[in-house]
*Asks:* 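One structure, as structure tokens, below. Some questions next.
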Amino acid sequence: MLPYEANRATQKTPVAVISAEERIKGFDEVIGAYTKEQAVNEARRCLQCMKAPCMQGCCIKVPIPDFLAAVAKEDFAEAYRLITEVNVLPGITGRVCFTDEQCEGHCIRKVTGDGVAIGKVQRFVADWAKENAVNIAPADPDEQKRLAGKRIACVGSGPSAVVCAHELASMGASVVMFEANEQTGGQLRYGIPTFRLPDEILDYEYRLLDNKNITVVLNTTIGQDKTLVSLLKEEGFDAIYVASGADKPNMLGIEGENLKGVVTSSEFLTAVNTLQVDSLKGKRCVVIGGGDVAMDSARCALRLGAEVDIVYRRSLEEMPAHAIERIFAEEEGVGFKYLYNPVAVVSDENGEVCGIKCDPCVLSEPDESGRRAPISSGKPHEVIPCETVVLAIGNGTNTVVAQSVPELDMTKRGLIIINEETAMTSVARIFAGGDAVDGPSTVLSAMQAGRLAAQGIAEYLAKM
Ligand code: SF4
């Protein structure tokens with residue numbers, strides 16, 4: 001017997017989405033929010049499963065059935081309390097997590113229709129808390145004394161570092177967060193367009209850093225301005241959490257990719273998100289890549305006035321972008337050229353980019369991993385005319401931080417190796433997590449890494 005009146009609808013409660021014609025006029029959020037009635041209606045689709053398979057798809061283990069029950073009973077404050085006990089960025093994750101593959105992908109309701117729209121209900125709860133100025137509950141007083149007198153440095157200010165800093169500060173430690181950029185947020189601020197994550201939501205949830213135990217130091221690159229060793233030896237920190245992320249762009253290694261007019265997706269999205277980009281009206285832009293970042297880049301270029309094509313060397317079937325992001329891009333007018341392998345950026349007599357030369361491909365038979373590789377079809381190369389090229393072919397880890405400590409064990413790919421139980425690296429008192437350890441990953445797994453590291457640091461310092 002459910003503790004509320006069940007909603008037996010097999011399909012999700014639909015949410016408003018701005019029309020493609022409207023949304024390309026600016027950078028406003030594309031997916032609308034549930035109203036109170038819609039959120040309650042959707043929460044009432046939850047069957048309160050004993051084993052809650054949805055939670056298997058949530059690495060930070062939000063108590064999904066419990067918070068949905070609270071929403072179903074219109075107790076939004078309780079829902080917020082339950083969510084934020086484990087997820088202190090609910091409005092952000094309610095927007096940027098691809099919940100259809102995470103919690104919702106495991107929902108039992110999928111057997112007969114759609115999974116419960118857990119992410120959208122969570123987003124409603126977070127927005128309700130923002131509107132009603134409901135705050136995250138403080139840690140209990142004993143917990144707040146646990147690390148009193150300890151000083152910890154956090155490197156980076158993405159979700160992993162923020163969760164770690166918040167947990168350590170809640171235990172009474174003094175945390176100093178070092179961020180290389182002018183603002184906090186990492187990829188959340190600089191890598192995700194505001195039509196997916198508005199600054200207002202990011203800034204609001206980052207108020208976690210307005211804590212007497214946390215100091216944020218901006219424009220400071222660890223590995224250049226200071227080193228990990230100097231933080232420990234000269235500045236007297238008891239421990240360091242390295243969450244420096246993965247923002248080093250991969251390059252194609254093709255002729256002409258260093259020409260003016262060719263930018264990486266990191267550079268492009270940072271410029272867009274910091275309003276430092278010129279109009280692309282009347283220009284043609286080619287985005288190379290097939291992931292979500294390629295979709296974000298293409299949709300931004302479109303909003304800046306360009307005619308945009310995405311060039312991807314495999315077919316639609318292999319495209320790694322989430323379907324919803326590709327569909328949004330298609331609806332907005334982005335063109336897609338599949339099975340084109342870029343071989344050179346072409347310039348005119350003035351050295352300006354005027355096109356990208358591509359080798360038309362076919363797919364090989366699947367290899368051992370089942371993946372089909374693009375191979376030349378033998379047809380003549382084609383030049384796609386464009387004035388701007390955005391390379392969106394993935395990022396590697398930022399190795400500047402870690403390379404300042406030669407004793408730090410790293411993989412050949414430049415990922416920091418940690419003890420998976422404690423998050424400590426091969427160097428005592430230096431802990432690490434997030435994309436610097438795992439490579440580019442989800443916001444939730446970065447947050448989980450920050451929490452694991454906070455526990456590892458607390459337990460380590462308790463023994464000192
Ligand atoms: Fe509710 Fe779906 Fe989780 Fe079951 S699996 S508890 S129906 S959200």
Side-chain angles (χ1 to χ4, degrees), residues 1-17 31-130 134 136-137 159 163 196-197 201 205 322-325 441-448 451-452:
M1 184 74 180
L2 294 176
Y4 44 78
E5 189 186 335
N7 172 2
R8 304 204 181 280
T10 55
Q11 305 302 308
K12 285 177 190 175
T13 309
V15 71
V17 175
I31 300 178
Y34 274 161
T35 61
K36 181 178 115 179
E37 290 69 29
Q38 287 173 320
V40 170
N41 198 38
E42 184 62 15
R44 287 182 177 166
R45 290 185 63 232
C46 176
L47 302 174
Q48 296 293 307
C49 312
M50 286 288 283
K51 292 192 175 160
C54 49
M55 288 180 65
Q56 288 167 22
C58 175
C59 68
I60 60 171
K61 301 292 176 232
V62 170
I64 293 167
D66 294 348
F67 100 73
L68 290 174
V71 175
K73 290 185 272 184
E74 301 193 26
D75 188 349
F76 308 127
E78 173 64 0
Y80 187 69
R81 187 191 69 75
L82 287 163
I83 295 168
T84 52
E85 269 186 355
V86 291
N87 179 356
V88 290
L89 304 174
I92 294 171
T93 48
R95 285 169 168 83
V96 304
C97 284
F98 290 98
T99 44
D100 51 338
E101 291 176 3
Q102 297 170 337
C103 49
E104 289 167 34
H106 290 72
C107 176
I108 201 80
R109 277 288 209 165
K110 284 196 82 173
V111 174
T112 52
D114 291 342
V116 176
I118 301 162
K120 294 200 173 50
V121 179
Q122 179 181 298
R123 172 180 159 177
F124 165 80
V125 173
D127 293 355
W128 173 90
K130 176 172 175 286
V134 175
I136 290 170
V163 167
R196 287 213 288 126
L197 176 59
I201 301 298
E205 296 208 329
H322 288 90
I324 186 69
E325 299 303 313
S441 189
T442 64
V443 173
L444 276 188
S445 64
M447 291 170 69
Q448 172 60 6
R451 195 159 64 179
L452 173 77

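We count ligands from 1, going down the list as the structure has it; atoms in each ligand are counted the same way.
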*Asks:* Indicate the ring-plane relationship of F98 and H322, choosing parallel, tilted or perpendicular according to the 30° and 60° boundaries.
*Replies:* parallel
*Asks:* Does D114 reach the main-chain N or O of K12 with its side chain, forming a donor-acceptor pair under 3.5 Å?
*Replies:* yes
*Asks:* Tell me: protein heavy atom nearest atom 3 (Fe) of ligand 1, and distance?
*Replies:* C54 SG, 2.4 Å
*Asks:* Output, in order, the C-alpha distance, side-chain angles, deciding distance and verdict of side chain to side chain donor-acceptor pair (under 3.5 Å) for Q38 and T13.
*Replies:* CA-CA 7 Å; Q38 287 173 320; T13 309; over 6 Å; no
*Asks:* What is the closest protein heavy atom to atom 1 (Fe) of ligand 1, and at what distance does it sit?
*Replies:* C46 SG, 2.4 Å
*Asks:* So does D75 pair up with R81, basic N to acidic O under 4.0 Å?
*Replies:* no
*Asks:* Do any N or O atoms from the side chain of R95 and from the backbone of R123 form a donor-acceptor pair under 3.5 angstrom?
*Replies:* no
*Asks:* Note the single closest protein heavy atom to atom 2 (Fe) of ligand 1, along with its residue, its atom name and the distance in Å.
*Replies:* C107 SG, 2.4 Å
*Asks:* Confirm or rule out an N/O/S atom of C49, from backbone or side chain, lying less than 2.8 Å from atom 4 (Fe) of ligand 1.
*Replies:* yes
*Asks:* Which of the numbered atoms in ligand 1 are below 4.0 angstrom from a heavy atom of L68?
*Replies:* 8 (S)
*Asks:* With a cut-off of 4.0 Å, which atoms of ligand 1 are near a heavy atom of I108?
*Replies:* 2 (Fe), 4 (Fe), 5 (S), 7 (S)
*Asks:* Taking only heavy atoms of P53 into account, list the atoms of ligand 1 that are under 4.0 Å away from them.
*Replies:* 5 (S)
*Asks:* Nearest to atom 7 (S) of ligand 1, what protein heavy atom do you find, and at what distance?
*Replies:* L47 N, 3.2 Å
*Asks:* Among residues two or more places apart or on two chains, list those pairs meeting salt bridge (Lys or Arg N to Asp or Glu O under 4.0 Å) that have a residue in residues 56-74.
*Replies:* K36-E74
